[in-house]
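Take a look at the following structure, please.
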Amino acid sequence: MTNSFSSTTSQDLPWLYRGISEIFPSKPDSDNTTENLALLIAKINRPLRVKLGIDPTGTDIHLGHSITFRKLRAFQDAGHTAILIIGDFTARIGDPTGKSDVRRQLSPEEVAQNAKTYLEQVRSILDFDTPGRLEVRYNSEWLSNLNLEKILGLLSTMTVGQMLAKEGFAERYEKENPIYLHEFLYPLMQGYDSVAIEADVELGGTDQKFNLAVGRDLQRHFGQTPQFAVLMPILVGTDGVQKMSKSLGNYVGLSEDPLTMYSKLEKIPDSLIKDYFELLTDLPLEQLPENPRDRQKLLALEIVTQYHGKEAAIGAQQASLNLVQGKTNINTDAVPEFSLDGIEFPVTLSFILKASGLCSSTSEARRQIQGGAVRVDGERISEINQSFDSPESLNGKVLQVGKKNFLRMVR
RNA sequence: GGGUCGGUGCCCGAGUGGUUAAUGGGGGCGGACUGUAAAUCCGCUGGCUUACGCCUACGCUAGUUCAAAUCUAGCCCGGCCCA
């Protein structure tokens, strides 16, 4: 085709190029559809098969994961087929990417349960309804049937040197940490997924580059046209430093209640907010508010709206405002509730704090009280042995620890 | 398989028989301040249905001792070197 055609493609496909980190192979001037994704999209007369794999290793999906899901949705909206691969088999080995330790191996039951909750959570991002836009596949379908002969075939496509070049392995090897042989199999299995479903494109975080590249190698090995890899940036967590992850506690989970979500998002560090808008919303980046505080609020409102709807988002915003200002008349539904039903009265405040999950132990609860962190309906409690005689005295009141943890006690 | 070094609380890392939940740093949480941010300062950072009391802790187990994270033996796990 002509050069003019391919040089305009990046403007023609804003849905593809927004917020991405890298596409490879990438030769924007090439007229070969195997090395120019924009051209392939323009010329092909069938839906592309766009792969995204997730390993159901935990239970919560957070905004960091949502980035690739959102890109997958963009492909769906452009008419392509999303192939969502649930790594029920690979989850049991554990992706060594970015890990400094071996992963614990999960039982089949855990994996099945996690997979179920994952699907529920991505329901709000992906198009589950339009026919032909989504395939959900479990990789045990093909991986559990590989015999040793086939496994040897996969293994023989890569050298130890190539494996050790992978960042996670290189680092661990450097630090003299253990690397187990079964971990070497992980990239090959993920790559084989691409072969099994005949992927045209695979999405992943930048940390997945190696694994996606292995997929290309294996597809070529099996006589298929190698997939394109679309890499998305890794989202920095709410601490503004490390990547968002549940274990670091700097995450915003998709299934969190509106108020919790809002409270976390409205304090995103200034340095991060632009990335958050780019990666997590569709808002035009040129039109963001000047005032940093307004930007934070808009971001929080927008994202909560995506997952809980406009009304809940506005409610969360209002509730957050009230709580911070110490107002006692909180009438929104946005504050999570805690039932006093199972509590025997009289009861100490520290016990309620533990029972409600606001504190992880009664000892911690006592410390928090001593540290002045605990409020009931905005009023600070500093008496360690504060206790309550009946549920009536607490019903409807808001219990708060610190600035961002609160819930309403109900009978 | 052999040799050697090592396994301490969320992480790193002191500590080598006896005031002790175990120096210090990081991280986390809380308070003040602020833009509910950042920076800074201060406090907390095993658990216990209710605490000048009890329990659990330094890879595991069994010992020595009035007394062990610290000594002994066996075991488990990891790194490196050799095979």
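Side-chain atoms are counted along with the backbone in the values below, which use heavy atoms only and exclude waters and symmetry mates. Remember, it's a predicted structure, so these values are computed and weren't measured experimentally. Chain naming here is simple, since letters A, B, ... match the order of the sequence lines and numbering starts at 1 in each.
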Open item on the list: Students often get this wrong, so: under 4.0 angstrom with heavy atoms, is A:Gln296 touching a base, only sugar-phosphate, or nothing?
Closed with: base

- [ ] Could you work out the separation of B:rG26 and B:rC33 based on their P atoms and round it to a whole Å?
- [x] 24 Å

Open item on the list: Please determine whether side-chain hydrogen bond (donor to acceptor under 3.5 Å, both in side chains) holds for the pair A:Gln190 and A:Glu202, giving the CA-CA distance in whole Å, both sets of side-chain angles, and the decisive distance to 0.1 Å.
Closed with: CA-CA 11 Å; A:Gln190 181 173 337; A:Glu202 177 165 2; 3.3 Å; yes

Open item on the list: Please report the distance, rounded to the nearest Å, between CG in A:Asp270 and P in B:rU34.
Closed with: 17 Å

Open item on the list: Side chain of A:Lys403, heavy atoms from C-beta onward: which of B:rG78, B:rC33, B:rA51 has the nearest atom to it?
Closed with: B:rC33

- [ ] For B:rU45 versus B:rC10, give the span between their C1' atoms, rounded off to a whole number of Å.
- [x] 10 Å

- [ ] Tell me what A:Arg295 touches on the nucleic acid: a base, only sugar-phosphate, or nothing, going by heavy atoms under 4.0 Å.
- [x] nothing

Task: Stretch residues 345-355 of chain A: residues that reach within less than 4.0 Å of RNA chain B through a heavy atom - done: A:Thr348, A:Phe351, A:Lys354

- [ ] Tell me yes or no: between the side chains of A:Glu302 and A:Thr281, is some donor less than 3.5 Å from an acceptor?
- [x] no

Open item on the list: Whole angstroms only, please: what is the CG-C1' distance between A:Asp294 and B:rA37?
Closed with: 14 Å

Task: Euclidean distance, atom CD1 of residue A:Ile369 to atom P of B:rA51 [Å, nearest integer] - done: 13 Å

- [ ] Could you check how far CD1 of A:Ile268 sits from P of B:rA37, rounded to whole Å?
- [x] 12 Å

Task: Counter-base of B:rU65, judged by Watson-Crick or G-U geometry with both distances under 3.5 Å - done: none

Open item on the list: Does a side-chain N or O of A:Asn405 approach OP1 or OP2 of B:rG30 to a distance below 4.0 Å, or not?
Closed with: yes

Task: Separation of atom NZ in A:Lys267 from atom P in B:rG35, rounded to whole Å - done: 16 Å

- [ ] Go through the N and O atoms of the side chain of A:Asn291 and the base of B:rG35, and report whether any donor-acceptor pair is under 3.5 Å.
- [x] no

Task: Nucleotide nearest A:Gln368 when distance is taken to its side chain, options B:rA32, B:rC29, B:rG35 - done: B:rC29

- [ ] Grab the CD-C1' distance between A:Gln370 and B:rA51 for me, whole Å please.
- [x] 12 Å

Open item on the list: Measuring to OP1 and OP2 of B:rG79, would you say a side-chain N or O of A:Tyr173 lies under 4.0 angstrom away?
Closed with: no

Open item on the list: Does B:rA38 have its OP1 or OP2 closer than 4.0 Å to a side-chain nitrogen or oxygen of A:Ser271?
Closed with: no

TODO: Whole angstrom is fine here: how far is it from CD1 in A:Ile384 over to C1' in B:rG43?
DONE: 14 Å

Open item on the list: I want to check one thing: is the phosphate of B:rU50, taken as OP1 and OP2, less than 4.0 Å away from some side-chain N or O of A:Thr362?
Closed with: no

Open item on the list: Under 3.5 Å for both donor-acceptor distances, Watson-Crick or wobble: does B:rG78 have a partner, and if so which one?
Closed with: B:rC5

Open item on the list: When the C1' atoms of B:rU72 and B:rA68 are compared, how many Å lie between them, rounded to an integer?
Closed with: 12 Å

TODO: Name the closest nucleotide to the A:Arg366 side chain, picking from B:rG30, B:rG78, B:rA51.
DONE: B:rA51

Open item on the list: So which atom in A:Pro56 and which in A:Ile86 form the shortest heavy-atom distance, rounded to 0.1 Å?
Closed with: CG-CG2, 3.8 Å

- [ ] Could you work out the separation of B:rC44 and B:rU34 based on their C1' atoms and round it to a whole Å?
- [x] 22 Å

Task: Ring geometry between A:Tyr118 and A:His65 (parallel below 30°, tilted from 30 to 60°, perpendicular above 60°) - done: tilted

Open item on the list: With a 3.5 Å limit on both atom pairs, tell me what B:rC41 is paired to, counting Watson-Crick and G-U wobble, or say none.
Closed with: B:rG31

Open item on the list: What's the gap between B:rU70 and B:rC81 when it is taken at their C1' atoms, as a whole Å value?
Closed with: 29 Å

- [ ] Could you please name the option among B:rG79, B:rA32, B:rG35 that lies closest to any side-chain atom of A:Arg375?
- [x] B:rA32

Task: Nucleotide nearest A:Pro269 (side chain, heavy atoms from C-beta), chosen from B:rC48, B:rA37, B:rC77 - done: B:rA37

Task: Flag side-chain contact, heavy atom, 4.5 Å: A:Gln400 against A:Val376 - done: no

- [ ] Determine the interatomic distance between C1' on B:rA67 and the same-named atom on B:rG3; round to the nearest Å.
- [x] 37 Å

Open item on the list: Could you check whether A:Lys166 makes a cation-pi contact with A:Tyr173, meaning its NZ or CZ is under 6.0 Å from the centre of the six-membered ring and within 45° of the ring axis?
Closed with: no

Open item on the list: I want to check something: taking the side chain as every heavy atom from C-beta on, are A:Glu183 and A:Arg172 in contact at a cut-off of under 4.5 Å?
Closed with: yes

Open item on the list: Between B:rG74 and B:rU49, how far apart are the two P atoms, rounded to whole Å?
Closed with: 43 Å

Open item on the list: Quick check on RNA chain B: between A:Asp239 and A:Arg380, whose nearest nucleotide comes earlier from the 5' end?
Closed with: A:Asp239

- [ ] Say whether A:Asp127 and A:Gln76, considering side chains only, have a donor N or O and an acceptor N or O under 3.5 Å apart.
- [x] no

- [ ] Write down the distance separating the P atoms in B:rU4 and B:rG18, rounded off to the nearest Å.
- [x] 29 Å

Open item on the list: I want to check one thing: is the phosphate of B:rG46, taken as OP1 and OP2, less than 4.0 Å away from some side-chain N or O of A:Arg367?
Closed with: no

Open item on the list: Can you identify which nucleotide, out of B:rA37, B:rG47, B:rG78, has its nearest atom closest to the A:Ser363 side chain?
Closed with: B:rG47

Task: Closest-nucleotide 5' rank along RNA chain B - winner of A:Gln242 and A:Arg293 - done: A:Gln242

TODO: Quick one: pull up CD1 in A:Ile273 and CG in A:Leu299 and give me the separation to the nearest 0.5 Å.
DONE: 5.0 Å

Open item on the list: Can you tell me how the ring of A:Tyr251 sits relative to the ring of A:His62, calling it parallel under 30°, perpendicular over 60° and tilted otherwise?
Closed with: tilted

- [ ] Let me know the distance between CG of A:Leu265 and P of B:rG35, rounded to the nearest Å.
- [x] 21 Å

